[in-house]
Each structure stands twice: as C-alpha cells, then as structure tokens.
Amino acid sequence: MVQFYFLSILFNILAGLILVYGRNLTVSESADYSFSDDFDSDEDKDLFSDDAESKPEEAKQSAFKDFEGFNGLTFRLVLGVLCVFVGLMKLLSSYNIAFIGDIIPAFAGFLGGASLLIEYYAASSDNTAAIPVNVQNVFIDSRKYIGVFCLVAGVLHFICPRVLFL
C-alpha cells in the first residue's frame with residue numbers, strides 16, 4: 001500500500017536523524033551539554049527586570065525550557081513502536097513489486113525502532129545491567145551507524161520506489 005510506503009520513508013528518516021544527531025539518553029545527565037546552561041548564569045538573570053513587559057518573555061522562555069522535542073523519551077518510544085510496526089507491515093504487504101523490494105526499508109525500520117526502544121528502556125529503567133552487553137554494543141553504542149543506514153534506506157527508497165532490491 002502507498003500509505004505504508006510513505007510511512008516507511010518518513011519513519012526511517014526520522015529515526016535516522018534522531019539516532020545520528022539526537023542526544024544519547026543512556027548517558028548520565030551531568031555529562032550531557034544543555035543549551036539552556038548558556039542562559040542560566042547570574043549575569044543573564046539581571047537582564048530580566050520585573051516590568052510588566054518582560055514577564056511574557058520570561059514565561060515563553062520557561063515554557064520552551066521544558067520542551068524536549070526529539071530528545072523526549074515519550075516521542076522516542078512512540079517513534080520506535082511505529083518504526084517496528086511499519087517495518088512489519090512492509091513485509092506483510094508488498095506494493096506492486098516483489099517481496100524482496102521491501103526488505104531493506106523494513107530491516108532499517110526494525111533496526112531503527114529496536115534501537116530507539118532499547119534506548120528508551122535503558123534510559124527509563126534503574127537497572128541498566130538488565131541489557132546484555134552484545135545488545136548494548138549493537139543498538140546503543142553503534143546507534144549512529146544504524147541511523148545512517150536508516151537515512152540511506154529512507155532516501156533511496158524515496159528516490160527509487162520500484163527498484164527490486166530496495
């Protein structure tokens with residue numbers, strides 16, 4: 001179906017971008033650099049006065065400080081589940097080409113979704129020893145390689161939709 005073709009491209013590219021450029025959520029929070037740390041110094045607090053005009057600007061900044069976007073755990077959980085689901089549906093339904101034509105995007109969806117789901121599990125659970133070392137090495141430590149594979153599979157599947165092995 002055309003819908004799963006589009007969703008496969010979209011989710012593979014989104015998962016690839018998050019895995020390549022997104023923050024690794026399994027690393028401790030103190031080691032991560034936060035963009036808002038640049039604006040939390042005492043010198044910058046003097047810039048905001050208690051005027052009625054500056055209060056809406058302060059409210060906007062505090063609202064955006066809580067926004068996690070692509071680095072949020074919930075977004076990554078939903079995207080991981082959707083990547084795995086669409087990858088499975090790509091294998092079950094073929095679109096006017098042989099079954100082999102959807103293997104690479106489906107495999108990229110499985111890998112990207114599994115990487116996002118395992119990262120979600122590792123970041124949200126207190127017991128990080130529950131993840132085997134091999135799984136940690138493949139899905140978390142080499143997440144950038146999986147992300148590049150998802151990006152390449154998504155872009156190539158968009159450019160060449162009827163190629164037999166893509």
Side-chain angles (χ1 to χ4, degrees), residues 1-29 31-36 60 63-166:
M1 293 175 53
V2 179
Q3 294 88 352
F4 286 116
Y5 170 76
F6 171 72
L7 288 175
S8 173
I9 291 170
L10 177 71
F11 292 148
N12 279 338
I13 290 175
L14 272 176
L17 288 174
I18 287 173
L19 290 173
V20 171
Y21 295 112
R23 186 171 46 127
N24 188 353
L25 299 178
T26 60
V27 179
S28 67
E29 294 294 325
D32 285 341
Y33 173 75
S34 175
F35 182 71
S36 63
K60 287 179 186 176
F64 284 119
K65 193 180 284 186
D66 295 334
F67 178 70
E68 294 179 353
F70 291 120
N71 289 325
L73 279 175
T74 307
F75 180 77
R76 290 187 182 195
L77 171 68
V78 170
L79 184 64
V81 168
L82 288 174
C83 280
V84 171
F85 174 72
V86 170
L88 177 68
M89 294 308 292
K90 286 289 282 183
L91 289 178
L92 294 179
S93 66
S94 62
Y95 174 65
N96 290 334
I97 54 176
F99 173 77
I100 297 172
D102 291 332
I103 284 183
I104 293 176
F107 186 64
F110 282 133
L111 280 178
S115 181
L116 289 173
L117 290 174
I118 291 170
E119 183 180 22
Y120 170 80
Y121 175 74
S124 64
S125 70
D126 295 332
N127 187 7
T128 58
I131 299 175
V133 177
N134 293 336
V135 173
Q136 173 86 18
N137 289 338
V138 171
F139 289 106
I140 304 246
D141 295 340
S142 62
R143 62 194 291 268
K144 292 192 187 263
Y145 300 118
I146 295 173
V148 169
F149 178 66
C150 288
L151 281 171
V152 168
V155 169
L156 286 178
H157 200 53
F158 176 73
I159 293 172
C160 309
R162 301 214 181 217
V163 175
L164 184 61
F165 289 106
L166 189 64

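Only this structure's heavy atoms are used, side chains among them; waters, hydrogens and symmetry mates stay out. Computed from a prediction, not measured in an experiment: that's the story for all the values here.
Between Leu92 atom CG and Phe4 atom CZ the span is 9.0 Å, to the nearest 0.5 Å. Residue Asn24 holds its CG atom at 8.5 Å from NZ of Lys144, rounded to the nearest 0.5 Å. Once rounded to the nearest 0.5 Å, the distance linking SG of Cys83 with CG of Leu117 reads 8.5 Å. Leu7 CG to Leu82 CG: the interatomic distance, rounded to the nearest 0.5 Å, is 8.0 Å.
Put simply, the side chain of Arg76 reaches to within 4.5 Å of the side chain of Asn71, judged on heavy atoms. Contact of the Asn134 side chain with the Val138 side chain is not registered, since no non-hydrogen atoms from C-beta on lie closer than 4.5 Å. Within the 4.5 Å cutoff, side-chain heavy atoms of Phe107 are placed close to those of Leu111. In this structure, Tyr120 and Phe75 have side chains that are not in contact, with every pair of non-hydrogen atoms separated by 4.5 Å or more. Within the 4.5 Å cutoff, no side-chain heavy atoms of Ile104 are placed close to those of His157.
Annotation: salt bridge (charged side-chain N to carboxylate O under 4.0 Å, His left out) contacts involving residues 105-115, sequence neighbours excluded, are absent.
A donor-acceptor pair under 3.5 Å is absent between the side-chain atoms of Glu119 and the main chain of Ile140, judged by distance alone. A donor-acceptor contact shorter than 3.5 Å links the side chain of Ser115 to the backbone of Phe139.
The two residues Thr26 and Ala123 come nearest to each other via the heavy atoms CG2-N, 4.4 Å. Of all heavy-atom pairs between Gly112 and Cys150, the closest is CA-SG, 3.8 Å.
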In residues 10-21, what donor-acceptor pairs under 3.5 Å come from side-chain atoms, sequence neighbours left out?
{"from": "Asn12", "atom 1": "OD1", "to": "Gly109", "atom 2": "N", "distance (Å)": "3.2"}
{"from": "Asn12", "atom 1": "ND2", "to": "Ser8", "atom 2": "O", "distance (Å)": "3.2"}
{"from": "Asn12", "atom 1": "ND2", "to": "Pro105", "atom 2": "O", "distance (Å)": "3.3"}

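Shown here is Phe158, whose CZ atom has no more than 12 heavy atoms of other residues, nucleotides or ligands within 6.0 Å.
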